[in-house]
Amino acid sequence: QARLVESGGGSVQVGGSLRLSCEASGIRNIHCMAWLRQAPGKEREGVAVIDGDGDFNYAESVKGRFTISRDSAKDIVYLQMNNLKLEDTAMYYCAADQQCQYEGPSLVVSWPFPYSGQGTQVTVSS
């Protein structure tokens, strides 16, 4: 069955770094993989997305600090998070889709992905 398993979350101080990983299985022809997050009391939001050609896009709030990468041969996606801030505290979810969404030439960062994982918690403290 379709499965996305995240790992790499944890607790870190402001300014620290974490690297999240997510491996997909049981899903054929994945084209887009993404990271979403949801903080307590807030809606889930897109963080970063990458397509099968290596094109990517980020939410404005993480640009310059987070890097998404992908091993397409293994359907694994990574999120390197540097210079973490208090507001980055959230449950982070991996997501996948056989199609991507674009606005003009740019990838859309978030849409109702058909597949998502159980999440991994990231907590940033001062």
*Asks:* Can you give me the closest heavy-atom contact between Ala24 and Ile30, atom names plus distance?
*Replies:* CB-CD1, 3.6 Å

*Asks:* What's the spacing between Cys100 SG and Met33 CE if we round to 0.5 Å?
*Replies:* 11.0 Å

*Asks:* Over all heavy atoms of both residues, which pair between Ala39 and Ala90 is shortest? Give the atoms and the distance, please.
*Replies:* N-CB, 3.8 Å

*Asks:* On a heavy-atom basis, which atom in Leu18 and which in Val122 lie closest, and how many Å separate them?
*Replies:* CD1-CG1, 3.9 Å

*Asks:* Please report the shortest heavy-atom distance between Tyr58 and Ile68, naming the atom on each side.
*Replies:* OH-N, 2.9 Å

*Asks:* Assess the residue pair Leu20 and Met81 against the criterion (side chain to side chain contact (heavy atoms under 4.5 Å, CB included)); give the C-alpha distance rounded to whole Å, side-chain angles, the decisive distance to 0.1 Å, and a yes or no.
*Replies:* CA-CA 8 Å; Leu20 306 183; Met81 305 185 294; 3.8 Å; yes

*Asks:* Tell me whether Val62 is reachable from Ile50 by hopping between hydrophobic residues (I, L, V, M, F, W, Y) whose side-chain heavy atoms are closer than 4.5 Å.
*Replies:* yes

*Asks:* If I compare all heavy atoms of Val77 with all of Ser69, which pair ends up nearest, and what's the gap?
*Replies:* CG2-O, 3.2 Å

*Asks:* For the NZ atom on Lys74, are there more than 12 heavy atoms of other groups (residues, nucleotides or ligands in this structure) within a distance under 6.0 Å?
*Replies:* no

*Asks:* Within this structure, what is the CG-CD distance for the pair Asn57 and Glu103, rounded to the nearest 0.5 Å?
*Replies:* 9.0 Å

*Asks:* Above 12 or not: heavy atoms from other molecules or residues under 6.0 Å from CD of Gln13?
*Replies:* no

*Asks:* Write down the atom of Thr89, the atom of Gln121, and the distance for their closest heavy-atom approach.
*Replies:* CG2-NE2, 4.1 Å

*Asks:* Taking the side chain as every heavy atom from C-beta outward, state whether Gln99 and His31 have any pair of such atoms under 4.5 Å apart.
*Replies:* no

*Asks:* Consider only side-chain heavy atoms of I, L, V, M, F, W and Y, link residues closer than 4.5 Å, and tell whether Trp35 and Val12 are in one cluster.
*Replies:* yes

*Asks:* For the hydrophobic clusters of this structure (ILVMFWY residues joined by side-chain heavy atoms under 4.5 Å, transitively), does one cluster hold both Val47 and Phe113?
*Replies:* no

*Asks:* Within this structure, what is the CD-CD distance for the pair Gln38 and Glu45, rounded to the nearest 0.5 Å?
*Replies:* 9.5 Å

*Asks:* In the single-linkage hydrophobic clustering (I, L, V, M, F, W, Y; side-chain heavy atoms under 4.5 Å), do Val109 and Tyr102 co-cluster?
*Replies:* no

*Asks:* Mark yes or no for whether Asp51, through its side chain, and Asp53, through its backbone, hold a donor-acceptor pair below 3.5 Å.
*Replies:* yes

*Asks:* For residues Leu36 and Leu79: do they belong to one hydrophobic cluster (side chain heavy atoms under 4.5 Å, members Ile, Leu, Val, Met, Phe, Trp, Tyr)?
*Replies:* no

*Asks:* Starting at OG1 of Thr67, measure out to OH of Tyr78 and round the result to the nearest 0.5 Å.
*Replies:* 14.0 Å

*Asks:* The test is side chain to side chain contact (heavy atoms under 4.5 Å, CB included); show your working for Gln98 and Tyr115 and say whether it passes.
*Replies:* CA-CA 10 Å; Gln98 285 95 347; Tyr115 307 102; 3.4 Å; yes

*Asks:* Begin from the C-alpha positions of Ile27 and Asp75 and carry the test side chain to side chain contact (heavy atoms under 4.5 Å, CB included) through to its verdict.
*Replies:* CA-CA 9 Å; Ile27 307 170; Asp75 285 336; 6.0 Å; no

*Asks:* Hey, what do you get for OG (Ser17) to CG (Leu84), rounding to the nearest 0.5 Å?
*Replies:* 6.0 Å

*Asks:* Assess whether side chain to side chain contact (heavy atoms under 4.5 Å, CB included) is satisfied between Tyr92 and Glu6, documenting all intermediate values.
*Replies:* CA-CA 8 Å; Tyr92 283 71; Glu6 304 97 336; over 6 Å; no

*Asks:* Roughly how far apart are Phe66 CZ and Arg37 CZ, rounded to 0.5 Å?
*Replies:* 5.5 Å

